[in-house]
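What follows is one structure encoded as structure tokens, with my remarks underneath.
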Amino acid sequence: MCSCSFSRKRLNLVFIIENPAKPTTFYLLLYKYPLEVSREIEYHSLMTVITRFPPSPTGFMHIGTARTGLFNWLYARRHGGKMLFRIEDTDRSRHSEEAVQAIVNGLNWLGLDWDGDIVSQFSRSDRHAEVAHELVKTGKAYYCYCTPEELEQMRENAKKEGRPTFYDRRWRDAPPSMTPPEGINPVVRIKAPLTGERIVQDKVQGDVKVNAEQLDDFIILRADGTPTYMLAVVVDDHDMGVTHVIRGDDHLNNTFRQNVIYEAMGWDIPTYAHLPLILGPDGAKLSKRHGATSVEEYRDMGYLPEAMRNYLLRLGWSHGDDEIIDQEQALQWFDLENINQGAARFDFDKLNYVNAHYLKLADNDRLADLVIDLYKLRDISVSDIGRARLLARMDELKSRAKTLVQLADDAEFLVHGIPFEFEEKAAAQLNEDGKFIVKIVRDRLSALENFSADELEILCKSIANDHRDGKLGKVMMPLRAAITGKASSPSLVHAMEVLGQEEVSKRIEYALEKFA
RNA sequence: GUCCCCUUCGUCUAGAGGCCUAGGACACAUCCCUUUCACGGAUGCGACACGGGUUCGACUCCCGUAGGGGACGCCA
């Protein structure tokens, strides 16, 4: 199969070649003009792609977890595959239903779904133990009777001598003379390779090499018979048929250990892609002190899920110069090749910009509902009339705001009743000069044929001409203060139209009375 | 202490040895629009961490240095 295309700078000849060694696998080759080099740009497999989303039940969904989830989801969906959902609750004490629910809620909010049931790692511990014992039987793993104190001592000594801080393998090939001490339940350790270069092939980081001397015989089964994380992930990923492991950079080192288990069991190693971490605005690891770290906090700050997805996607992944990438586009474009290798800082300015963009595109009814939800948190109840006003001005409102919270602030005067508060700058507008103008407006309001924005504007302009040298602002500012209680607002004449003559008059009377 | 990874405008990034006088976006500044605040439009400011190689030619490849991040648990 061959296709040909022109890009800005080159002629592409694409050959899809079957790999005879793996009949279900195809390579996509790209030839650059002139035909000097060929480069494998993509690896397509006809096997179903299976990714996984394996959060720890921490009680909330970290923004980094969300991004990893998004990447896994996009990759699976892009390739017509599946994303599995597994709770990493090997440490059962951490497990709680609420914690799982929090993650599910986060995923739902982001609009990501998964295939099959949520798998609890804890529920599979028998299987994990079975694998551990099988490895002992085949001589790939062994029992170790060291106490935590002894291990601590080893680490200290190693550090002092400048060696890796590892277990010294004293039970690895224990001679028969070394009888197990009484009363100690052994752990199971795996036999890691002693020498040679170990390579992890990573889709993001490339080939990562480390000497076997840096790997120790890590524990796969604890003294109480429960599996460690290292064993559990490998067994579960294998049993669940995971083909692509897309996860945070912090697991890159673990990968060498996990591969030891894969090899000992003779299992296929999945394709790895390790994503760089998200840093806070100051370059340090994103943490609580940077403000929001969980997706629900971003929701509460007024960000739209589609904006969040777009922003998170662009944080570390790119498609040329494209910035606004909606879900549909992302599904067509997403790949592992264009993930950046360096960690990225979280930038609220950019998020705001992206959010403002999606706000403009969002459906008005949906936005009204979201804003009304926000008002509930402020103990403001919105009547049907209030909702209708919101809707009537939504096109303008959504074009101005960066977040739903801003939109809600902007629109609050449309839904609140009398009495209402005046902010300081608004109060200042209602001085003698201001009240003078407001009274003139009030007196001439009833003469309007239609209480419409156009006529209101004509009226205000004529008042400005008569009393303020044609300076419209001198009329609008005090009027705005009287009607909204604020010094800035969306288009006042349009807002007045929506509020209606009766409500406008009431508010003017209320303001004049208050600042009498 | 040991090992691993990373490094292009303030930030996110484009860049696949000559297309680079390094492109885009956010932020910032100025101007325009304007009843306010925003939105929008235009223009501007602004970077290849440093030092060595390789090459006719390096942002791009290699090696060092510096800086940043990560991992070294009977946590996940």
Side-chain angles (χ1 to χ4, degrees), chain A residues 8-10 32 37 39 41 54-58 88-91 94 121 144 146 148 151-152 155 158-166 185 187-189 200 202 204-206 208-211 213-216 218-224 226 228-230 232-233 248-254 256 274 276-277 279 281 283-285 311 314-324 340-354 356 360 396 398-402 406 410 425 429 457 460-461 464 471-477 479-481 486-493:
Chain A
R8 239 174 340 154
K9 294 168 192 168
R10 54 178 175 257
K32 190 178 132 188
V37 209
R39 212 162 68 88
I41 58 164
S56 307
T58 49
E88 307 271 278
D89 55 356
T90 303
D91 179 4
R94 285 198 194 181
Q121 198 153 60
C144 164
C146 288
L151 293 170
E152 190 48 44
R155 279 187 209 109
K159 211 166 219 178
K160 240 177 269 170
E161 293 163 30
R163 287 183 288 115
T165 56
F166 291 154
N185 288 326
V187 299
V188 175
R189 286 181 182 271
V200 165
D202 190 90
V204 177
Q205 308 295 348
V208 182
K209 300 176 185 122
V210 86
N211 284 320
E213 286 77 27
Q214 297 300 325
L215 296 174
D216 70 342
F218 58 94
I219 293 171
I220 56 176
L221 204 66
R222 301 189 185 105
D224 64 2
T226 61
T228 60
Y229 162 77
M230 218 58 83
V233 242
D249 225 350
D250 47 343
H251 286 287
L252 188 54
N253 286 282
N254 287 337
F256 290 99
H274 286 92
L277 269 23
L279 270 24
K285 195 175 180 179
Y311 178 72
R314 276 291 284 109
L315 203 58
W317 179 84
S318 61
H319 184 269
D321 284 340
D322 295 301
E323 298 287 347
I324 297 296
N340 248 5
Q341 292 174 300
R345 298 184 189 206
F346 198 95
D347 181 19
F348 274 96
D349 285 326
K350 186 88 171 243
L351 208 212
N352 284 339
Y353 166 81
V354 174
K360 290 180 177 73
E396 186 197 11
K398 71 182 182 183
S399 77
R400 301 161 49 86
K402 287 192 160 69
Q406 267 180 27
D410 234 21
K425 282 179 182 168
Q429 285 293 332
E457 184 161 359
C460 290
K461 277 183 177 159
K471 292 195 191 308
L472 188 53
K474 296 274 189 193
V475 175
M476 303 308 280
M477 286 308 285
L479 189 58
R480 166 175 290 112
K486 292 181 167 186
S488 69
S489 79
S491 170
L492 188 59
V493 290

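All values below come from the heavy atoms of this structure, side chains included, with hydrogens, waters and symmetry mates left out. Everything quoted here is computed from the prediction, not taken from an experiment.
- Comparing B/A22 with B/C45, their P atoms sit 12 Å apart, to the nearest whole Å.
- Looking at A/Phe348 and A/Tyr311, their side chains never come closer than 4.5 Å, going by heavy atoms from C-beta outward.
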| request: With side chain to side chain contact (heavy atoms under 4.5 Å, CB included) as the test, would you mind laying out the steps for A/Val493 and A/Met476 before giving the verdict? | output: CA-CA 9 Å; A/Val493 290; A/Met476 303 308 280; 3.9 Å; yes
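- The side chain of A/Ser318 has B/A14 as its nearest neighbour among B/U2, B/A14, B/G70.
- Listed pair A/Asn253 / B/C72 fails the phosphate criterion, with no side-chain N or O lying under 4.0 Å from OP1 or OP2.
- Among the heavy atoms of the strands lying under 4.0 Å from A/Gly316 are primed sugar atoms or P, OP1, OP2 only; no base atom is included.
- B/A71 atom C1' lies 11 Å from atom CG of A/Leu277, rounded to whole Å.
- Across A/Lys425 and A/Ala487, no two heavy atoms sit closer than the pair CB-CB, 3.6 Å.
- With both ends at atom C1', the span from B/A47 to B/C20 equals 13 Å, rounded to whole Å.
- Nucleotides B/G23 and B/C48 place their P atoms 13 Å apart, quoted to the nearest Å.
- Across all strands shown, B/C19 forms no Watson-Crick or G-U wobble pair with both distances under 3.5 Å.
- When the nucleotides B/C72, B/U2, B/A76 are ranked by their closest atom to the side chain of A/Pro164, B/U2 comes out on top.
- Judged by Watson-Crick or G-U wobble contacts below 3.5 Å, the nucleotide B/A66 has B/U7 as its partner.
- Of the nucleotides present, B/U43 is the one that pairs with B/A29 by Watson-Crick or G-U wobble criteria, both distances under 3.5 Å.
- In this structure, B/U2 and B/A71 make a Watson-Crick or G-U wobble pair, each of the two defining distances being under 3.5 angstrom.
- Backbone-only engagement by A/Leu315 is indicated by non-hydrogen atom pairs under 4.0 Å involving sugar-phosphate atoms exclusively.
- Under the 4.5 Å side-chain criterion, counting only non-hydrogen atoms from C-beta, A/Met230 is not in contact with A/Ile220.
- The shortest distance between the side-chain N/O atoms of A/Arg345 and the OP1/OP2 oxygens of B/U7 is not below 4.0 Å.
- In the set B/G40, B/U13, B/C4, the nucleotide with an atom closest to the side chain of A/Lys360 is B/G40.
- In this model, the phosphate group of B/C5 is not approached by any side-chain N or O of A/Gln205 to a distance below 4.0 Å at OP1 or OP2.
- In this entry the base of B/C4 is anti relative to its sugar, with a glycosidic angle more than 90° from 0.
- Applying the Watson-Crick and G-U wobble criteria (two distances, each under 3.5 Å), B/A38 pairs with nothing in any strand.
- Comparing the C1' positions of B/C12 and B/C31 gives a spacing of 27 Å, expressed to the nearest Å.
- Annotation: B/U65 and B/G46 have their C1' atoms spaced 27 Å apart (nearest Å).
- A 3.5 Å limit on both hydrogen-bonding distances identifies B/G53 as the Watson-Crick or G-U partner of B/C61.
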Per-nt protein contacts along nucleotides 23-37 of chain B (heavy atom under 4.0 Å; B base, S backbone sugar-phosphate only, - none) come out as BBBSS-------BBB
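- Comparing B/A76, B/U2, B/C74 against the side chain of A/Ala223 picks out B/C74 as the nearest.
- Residue contacts shown for A/Lys209 are limited to sugar-phosphate atoms, with no base heavy atom under 4.0 Å away.
- The side chain of A/Arg155 contributes an N or O atom lying less than 4.0 Å from OP1 or OP2 of B/G73.
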